[in-house]
Amino acid sequence: MLTELIETLAAAHSLTEQDYQVLIDLRTPEAAAELAGRATTLRRSIYGDAIYTRGLIEISNFCKNDCLYCGIRRSNHACQRYRLNGEEIVSCADEGYVLGFRTFVLQGGEDPYFTDERLCAIVSEIKARHPDCAITLSMGERSRESFQRLHDAGADRYLLRHETADRAHYEKLHPQEMSFDNRMRCLHDLREIGYQVGCGFMVGSPYQTSAELARDLKFIEEFKPDMCGIGPFISHKDTPFRDKPPGTLELTLYLLSIIRLIHPPVLLPATTALGTIHPLGREKGIQAGANVVMPNLSPVSVRKKYMLYDNKICTGEESAQCRSCLAGRMASIGCTLAVDRGDIRRRP
Ligand code: SAH
């Protein structure tokens, strides 16, 4: 049964939602190894041994939202708030350029300070200084007009995890004022405007079962995102989900392999959360089919304040250290960090 499902998935890049659920429910170490082998072969056939890097700049931890899982939710009064100014953000990008980054990800809470005007000015300044680089935004939900303005200013990509493709589950992870429909609307608007779009979800988020995961996989199969960020849920001590158990390494790796088979050219990061739940999490992520890593380019002085979950790694190091640490980790598994924008490739 399991072997058959894997064969079908590898050949058709598709399963029914029900079969995705069976594939998850029947997970064995042997099936995981089989999927990882196929996923890495496929990754290599498209991208060789190159692993793409994105320099992550955490520009603000102010957030108007109150997602129940997130350490920078507005109700967390223990969180020390900060935001970087335009100059600081641009200088992080300058530093990253020298280190070999050709993509910068500006991520933050939904901070009303970052109006279109302010954000567009920063995007166009970075683009003017580094025209060979891609800019990715990950600033949450905005209006279509805002997405359009930012794209016009030079933003190339947008990351907005859908968090869960199941409406009832979405409502258990978010307060009432947040809307599943608006999140999905954003993803579709971004695609129509011409962004390369990333979605994604947490593995092992509270109330998630294989049924919700199967729905996430079907959504990914249908939406065919350019990027897909998945990492384990990890609780944060100052959130309502403080006592919820984390997602597991094994299930995250299994899903990474499945996603590579569903959408072969997808840009798939081995996330910081994966590196947080296991010391070799990111290496294992690459060995399961991922092909992107996102080292931190934020000033060291703010890193400990961008705590989405407890014990987040890489909060004490300089950017150069972060990059060289990851280069070493990738070399240890026969991969190299590319100095490249790392756009999605179509299959050969
Ligand atoms: N405000 C932006 C960026 C959010 S932070 C936005 O809405 O897109 C980036 C991602 O971190 C989130 O999409 C979420 O999936 C993840 N995240 C938040 N809290 C987490 C936790 N406790 N454990 C693991 N991942 C978490």
Side-chain angles (χ1 to χ4, degrees), residues 54 56-76 79 81 83 105-114 119 136-142 146-147 150 155 157-165 169-170 173-175 177-180 182-187 189-190 195 197-208 212 216 225 227-249 251-252 255 269-278 281 285 294 296 298 303 305-313:
R54 281 74 168 91
L56 183 64
I57 309 174
E58 296 152 338
I59 70 172
S60 171
N61 71 356
F62 283 89
C63 192
K64 66 177 163 71
N65 286 333
D66 220 13
C67 308
L68 278 78
Y69 45 84
C70 184
I72 65 169
R73 65 200 299 268
R74 72 157 186 265
S75 296
N76 180 10
C79 173
R81 306 288 166 171
R83 69 170 64 90
V105 182
L106 275 47
Q107 188 178 84
E110 289 194 21
D111 180 356
Y113 173 85
F114 283 104
L119 210 43
T136 306
L137 297 176
S138 178
M139 300 291 299
E141 299 169 28
R142 301 176 79 97
S146 171
F147 290 144
L150 292 163
R157 311 188 184 128
Y158 208 102
L159 298 178
L160 187 76
R161 291 187 176 182
H162 62 286
E163 311 296 359
T164 169
H169 185 218
Y170 184 91
L173 300 180
H174 299 93
E177 73 264 15
M178 290 181 71
S179 136
F180 175 76
N182 194 54
R183 199 132 186 117
M184 289 296 175
R185 187 273 303 160
C186 287
L187 286 171
D189 281 351
L190 289 162
Y195 283 93
V197 184
C199 65
F201 59 92
M202 292 175 286
V203 178
S205 62
Y207 315 108
Q208 182 187 67
E212 284 76 31
D216 286 319
M227 296 90 78
C228 184
I230 74 160
F233 161 76
I234 304 171
S235 68
H236 185 291
K237 62 181 179 14
D238 301 313
T239 64
F241 289 164
R242 61 180 62 85
D243 295 324
K244 304 285 186 196
T248 68
L249 173 75
L251 182 55
T252 307
L255 292 164
T271 58
T272 304
L274 193 55
T276 298
I277 57 162
H278 190 285
M294 301 174 68
N296 202 319
S298 307
R303 287 191 189 189
K305 297 179 184 158
Y306 199 79
M307 269 302 164
L308 305 178
Y309 46 81
D310 291 337
N311 305 316
K312 191 177 152 209
I313 55 168

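One-based numbering, in listed order, for ligands and for the atoms of each. Bear in mind that the values here come from a model prediction, so they are computed numbers and not experimental data.
- At under 3.5 Å, not a single nitrogen or oxygen of Ser138, backbone or side chain, sits near a nitrogen or oxygen of ligand 1.
- Remark: minimum distance from atom 2 (C) of ligand 1 to any protein heavy atom is reached at Gly108 O, 3.4 Å.
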Step by step, would you call Met294 with Leu159 a side-chain contact (heavy atoms from CB on, under 4.5 Å)?
CA-CA 13 Å; Met294 301 174 68; Leu159 298 178; 4.1 Å; yes

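- For atom 9 (C) of ligand 1, the nearest non-hydrogen atom of the protein is Gln107 NE2, 3.7 Å.
- Assignment of Arg183 to the shell around ligand 1 is supported, since a heavy atom sits closer than 4.0 Å.
- Taking every heavy atom of Arg161 and a limit of under 4.0 angstrom, the matching atoms of ligand 1 come to 13 (O), 14 (C), 15 (O), 16 (C).
- Note on ligand 1: Pro232 sits in its first shell, one or more heavy atoms being nearer than 4.0 Å.
- Residue-level proximity to ligand 1 for Glu141 is absent, since no heavy atom of it falls below 4.0 angstrom.
- For atom 26 (C) of ligand 1, the closest non-hydrogen atom on the protein side is Met202 SD, 3.4 Å.
- Side-chain contact check for Tyr113 versus Phe62: every heavy-atom pair is 4.5 Å or farther apart.
- Of the possible polar contacts, none joining the Asn61 side chain to the Ile72 backbone as a donor-acceptor pair under 3.5 Å is found.
- A donor-acceptor pair under 3.5 Å is absent between the side-chain atoms of Arg183 and the main chain of Glu141, judged by distance alone.
- Summary of contacts: the protein heavy atom closest to atom 23 (N) of ligand 1 is Ile234 N, 3.0 Å.
- One side chain, Asp216 or His162, offers a donor N or O that lies under 3.5 Å from an acceptor on the other.
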Tyr69 and Phe233: CA distance, side-chain angles, deciding distance, ring pair (Phe, Tyr, Trp, His ring centres under 6.0 Å) verdict
CA-CA 8 Å; Tyr69 45 84; Phe233 161 76; 7.4 Å; no

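- Protein heavy atoms come within 4.0 Å of atom 16 (C) of ligand 1.
- Counting atoms of ligand 1 from 1 in the listed order, those under 4.0 Å from a heavy atom of Cys70 are 19 (N).
- Considering only residues two or more places apart in sequence or on other chains, Arg73 meets the side-chain contact (heavy atoms from CB on, under 4.5 Å) condition with Asp66, Leu68, Ser75, Asn76, Thr239, Pro240.
- Distances from ligand 1 to the non-hydrogen atoms of His236 include no value under 4.0 Å.
- Pairing each heavy atom of Gly109 with each of Met139, the nearest pair is O-CE, 4.1 Å.
- Between the side chain of Tyr158 and the backbone N or O of Tyr195 there is no donor-acceptor pair closer than 3.5 Å.
- Side-chain N or O atoms of Gln208 include one that pairs as donor or acceptor with a backbone N or O of Met202 at under 3.5 Å.
- Protein heavy atom nearest atom 13 (O) of ligand 1, with residue, atom name and distance: Glu163 OE2, 2.5 Å.
- Judged by distance alone, with hydrogens and angles left aside, the side-chain atoms of Ser298 form a donor-acceptor pair with the main-chain N or O of Glu58 at under 3.5 Å.
- Below 3.5 Å of separation, one finds no N or O of Tyr309 facing any N or O of ligand 1.
- Polar contact check, Ala273 against ligand 1: no nitrogen or oxygen pair lies under 3.5 Å apart.
- For atom 19 (N) of ligand 1, the closest non-hydrogen atom on the protein side is Tyr69 CD1, 3.4 Å.
- In summary, the atoms of ligand 1 found under 4.0 Å from a heavy atom of Leu160, numbered by their order in the structure, are 8 (O).
- At the shortest separation from atom 5 (S) of ligand 1 among protein heavy atoms lies Leu308 CD1, 3.8 Å.
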